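Working notes for the structure below.
The shown structure was predicted, so the numbers you read here are calculated from the model rather than taken from an experiment. Computed over heavy atoms, backbone and side chain alike; hydrogens, waters and symmetry mates excluded. When a residue number appears, it is its place in the shown sequence, counting from 1.
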Amino acid sequence: MTQEHQGGDGGWSAGRRGVWSRLRLTSLRLRLVVVFGLVALTAAVSASGIAYWLNRESVLTRTQDAVLRDFEQEMRNRAGTLPEHPTQDELQRTADQMATSSQRFTVLLVAEDPDGRTVYGSSGGLNGFSLQDVPVSLREAVTERQKVTSNNASPHHLYWQRIVDGDAPYLVAGARVIGGGPTGYMLKSLEPEAKDLNSLAWSLGIATGLALIGSALLAHAAATTVLKPVQRLGVAARRLGEGKLDTRLRVSGTDELADLSRTFNKAAEALEKRVAEMAGRDEASRRFVADMSHELRTPLTAITAVTEVLEEELESEAGGIDPMVEPAVRLVVSETRRLNDLVENLMEVTRFDAGTARLVLDDVDVADQITACIDARAWLDAVDLDAERGIHARIDPRRLDVILANLIGNALKHGGSPVRVSVREDDAEGAGDGGTVVIEVRDHGPGIPEEVLPHVFDRFYKASASRPRSEGSGLGLSIALENAHIHGGGITAANSPEGGAVFTLRLPRDVSAQSPAEKAGGIGDEGAEGGS
């Protein structure tokens, strides 16, 4: 299947519309990208969260264990060598020595001097680490004496706690020298570890964003791969709906989409074959009707001549027709006339179906044309005309006469007198370059039943199924509508609120400027006979 490409502004507009159609909220492509993105985001966030939590615990636990191990070692080696009641200087000196360990933490030692006073030794100086910086719960746990049992060999243990001071994380620990001596507290900043963890969090966040972008690109590529055959199928279906029955899809692969393409091709091939058969039958039917109509015209011409002679005998004063035969002769005359009208109508319908109907345009006064139509059929006493002279239109006079004869004749036969014909101009927006002529034919009969209104212009349709035989052939209104269409106009049927049926004919004032006329069969010099 070939694709046509447009260039210039049209191609850019088409491309923009294509992008928007691919990105609209209801498109399958966008939904696939969103689903892929959500799945990737959930997986990335979960993996990043787990990785961050595991790394956080690992980093903090490793740092914490090293600091606590070093502090415990310093308490044993340095604070444990102090006397049970050290002096202020001894505590201070020992605290400074303990702070110089490899972990570089701050130390606070608390003890009672020989005079029974509480003395402090802090490696942070007077404004450094103090007892108020240690949580109360931690102090209570450190100073509380545990019961010595077989499972607990020491009355005091090392306790620790993580705290946050001014958005900075710290590790606080405390222990007491066993056997008597000072109580030691340690403060270690965890800010370097926090910075490392923040860097890790940023790295994981960037990795998550990249994973999301990658998943979106992957989803777009996958959607393109999956939806391209579907898009081609949609284009092919639209082309098939436009009547291009030779449309076929290029099939490759053995997956489900390839099977769908093969099924489409088979369906299109079957449809093309079926439509070709139907078109052939339709063409044969039209040709049969046309041939039959032409073949009937020759004997009808002779029969019509005979019936005219018989009609003259009927009207003669000499009474040349036997009174017993007169009804039969009148029936033959009327039925011959009816048959002649039917043949002419069939030929006209055949021309419309074949697209060979032509317009012979002329500049006419619409009021004069309507008057001539009514006068030619001796309807002057039964029709009221409301039309101002001077409304001119460039149309086909003969076809307008056919339309008017059918509409007015239909109103006189099936409606009620008087029949009123009115003409007006419509220069409203959308009425065409030269405006529109509107002709209304209204009767005062019972109106048209609602169930009949949609079918009044159907061929061979008659409102009463119990009266299939009537003077009309059921083609008059259909031919009138076709004549209106070839002018680029139309006819509508409705019921008037005051009673009766109203047929409204709309024709452009300048048919030569209307493209529908050209499409309907063109404008030329060839005419066609039409019946009412």
Side-chain angles (χ1 to χ4, degrees), residues 18-72 102-105 133-135 137-138 141 157-174 186-234 253-260:
V19 171
W20 174 247
S21 65
R22 289 195 295 269
L23 294 180
R24 65 182 185 273
L25 295 178
T26 56
S27 69
L28 184 58
R29 183 186 301 272
L30 182 59
R31 281 184 282 175
L32 283 175
V33 172
V34 170
V35 170
F36 267 75
L38 290 177
V39 172
L41 181 63
T42 303
V45 169
S46 301
S48 298
I50 294 173
Y52 178 79
W53 182 79
L54 292 176
N55 279 275
R56 179 178 181 275
E57 290 301 317
S58 176
V59 170
L60 293 179
T61 300
R62 184 172 61 251
T63 302
Q64 175 182 290
D65 290 346
V67 171
L68 294 178
R69 188 167 52 249
D70 195 35
F71 175 66
E72 187 178 16
S102 60
Q103 295 299 324
R104 298 295 177 179
F105 43 69
D133 296 328
V134 181
S137 59
L138 181 61
H157 297 276
L158 175 65
Y159 294 94
W160 59 271
Q161 186 176 343
R162 295 175 191 165
I163 63 173
V164 177
D165 185 13
D167 296 332
Y170 292 92
L171 176 66
V172 181
M186 177 273 301
L187 179 69
K188 171 66 176 178
S189 175
L190 298 177
E191 191 170 357
E193 287 73 16
K195 290 182 179 179
D196 292 341
L197 291 175
N198 287 336
S199 299
L200 176 63
W202 274 104
S203 300
L204 292 175
I206 294 173
T208 300
L210 293 176
L212 182 60
I213 295 174
S215 66
L217 295 176
L218 181 62
H220 185 271
T224 301
T225 303
V226 173
L227 296 180
K228 205 167 195 180
V230 178
Q231 186 180 12
R232 290 176 178 173
L233 180 62
T254 58
D255 56 7
E256 289 81 359
L257 292 174
D259 292 339
L260 181 61

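The two residues Leu68 and Leu158 have their closest heavy-atom pair at O-CD2, 4.0 Å. Closest of all the heavy-atom pairs between Pro192 and Ser189 is CD-O, 4.0 Å.
Applying the side chain to side chain contact (heavy atoms under 4.5 Å, CB included) rule to Asp70 yields the partners Glu74, Ser101, Ser102, Gln103, Phe105; only residues at least two apart in sequence or on another chain are considered. Residues passing the salt bridge (Lys or Arg N to Asp or Glu O under 4.0 Å) test with Glu72, sequence neighbours excluded: Arg76.
Here the CG-CD1 distance, from Leu138 to Ile163, works out to 9.0 Å after rounding to the nearest 0.5 Å.
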Could you pull out every donor-acceptor pair under 3.5 Å between side chains of residues 204-211 and any protein atom, sequence neighbours left out?
from	atom 1	to	atom 2	distance (Å)
Thr208	OG1	Ser48	OG	2.9
Thr208	OG1	Leu204	O	2.8

